[in-house]
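Here is the structure we will look at, set down as structure tokens.
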Amino acid sequence: MISGLRGEQVGLRPLFSAQTQLLIGTIQQIWRYPVKSMAGERLVDCTVGPLGLPGDRGWAIRDEEKSEIKTGTRIPLLMQCASCYLDKPADDTIP
């Protein structure tokens, strides 16, 4: 039990039962971006795992001399490049 605004005891109960469904939207398209800050690939179907879409932003451009990841704000030409996977990534493997 927790206390309400006036100090009375209030019981907790779920907002929705197991049978209740709430439609909040419809997915029209889903995209995966294999390399951070590059254009991605439109997916026909996919699996969403505990970490999101397998392979989404699984790679990045790294400046070894400065030890930093480069982004589209620092290198705008990156956003004109595209990337895609030849082999479908899974939760435990990113090709």
Side-chain angles (χ1 to χ4, degrees):
M1 299 296 256
I2 59 171
S3 296
L5 294 176
R6 295 187 179 91
E8 71 274 9
Q9 294 295 307
V10 178
L12 297 176
R13 65 177 192 270
L15 293 175
F16 300 103
S17 68
Q19 293 80 26
T20 304
Q21 293 183 1
L22 177 65
L23 178 65
I24 58 172
T26 303
I27 296 173
Q28 298 294 320
Q29 298 178 14
I30 192 155
W31 290 73
R32 175 175 46 220
Y33 299 89
V35 181
K36 181 176 172 51
S37 297
M38 286 189 185
E41 55 188 343
R42 185 175 177 182
L43 302 176
V44 176
D45 63 272
C46 67
T47 302
V48 178
L51 300 175
L53 295 176
D56 188 47
R57 293 171 182 85
W59 299 93
I61 306 298
R62 179 177 165 84
D63 183 336
E64 287 294 321
E65 291 178 6
K66 296 182 180 179
S67 295
E68 62 185 19
I69 301 296
K70 295 299 183 180
T71 64
T73 55
R74 293 184 182 226
I75 305 175
L77 287 175
L78 273 178
M79 293 190 280
Q80 295 180 14
C81 298
S83 58
C84 67
Y85 285 105
L86 298 177
D87 297 321
K88 187 175 179 178
D91 282 336
D92 56 346
T93 16
I94 298 175

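The line from CG of Asp63 to CD1 of Ile75 is 7.5 Å long, rounded to the nearest 0.5 Å. Annotation: the span from Met79 atom CE to Met38 atom CE amounts to 11.5 Å, rounded to 0.5 Å. Within the model, atoms SG of Cys46 and CD1 of Ile27 stand 7.5 Å from one another, a figure rounded to the nearest 0.5 Å. Note that CG of Leu43 and CG of Leu53 are 6.5 Å apart. Values are rounded to the nearest 0.5 Å. From Cys84, atom SG reaches atom CZ of Arg42 across 15.5 Å, with rounding to the nearest 0.5 Å.
Closest approach of Glu41 and Pro34 over heavy atoms only: OE2-CG, 3.7 Å. When all heavy atoms of Arg57 and Lys36 are compared, the closest pair comes out as CG-CA, 4.3 Å.
Residues Trp59 and Tyr33 are members of separate hydrophobic clusters, defined by side-chain heavy-atom contacts under 4.5 angstrom among Ile, Leu, Val, Met, Phe, Trp and Tyr.
The shortest side-chain heavy-atom distance between Ile69 and Ile61 does not fall under the 4.5 Å cut-off.
Remark: side-chain polar atoms of Ser37 are not paired, donor with acceptor, to backbone N or O of Thr71 under 3.5 angstrom.
A 6.0 Å sphere centred on CZ of Arg62 holds more than 12 heavy atoms belonging to other residues, nucleotides or ligands.
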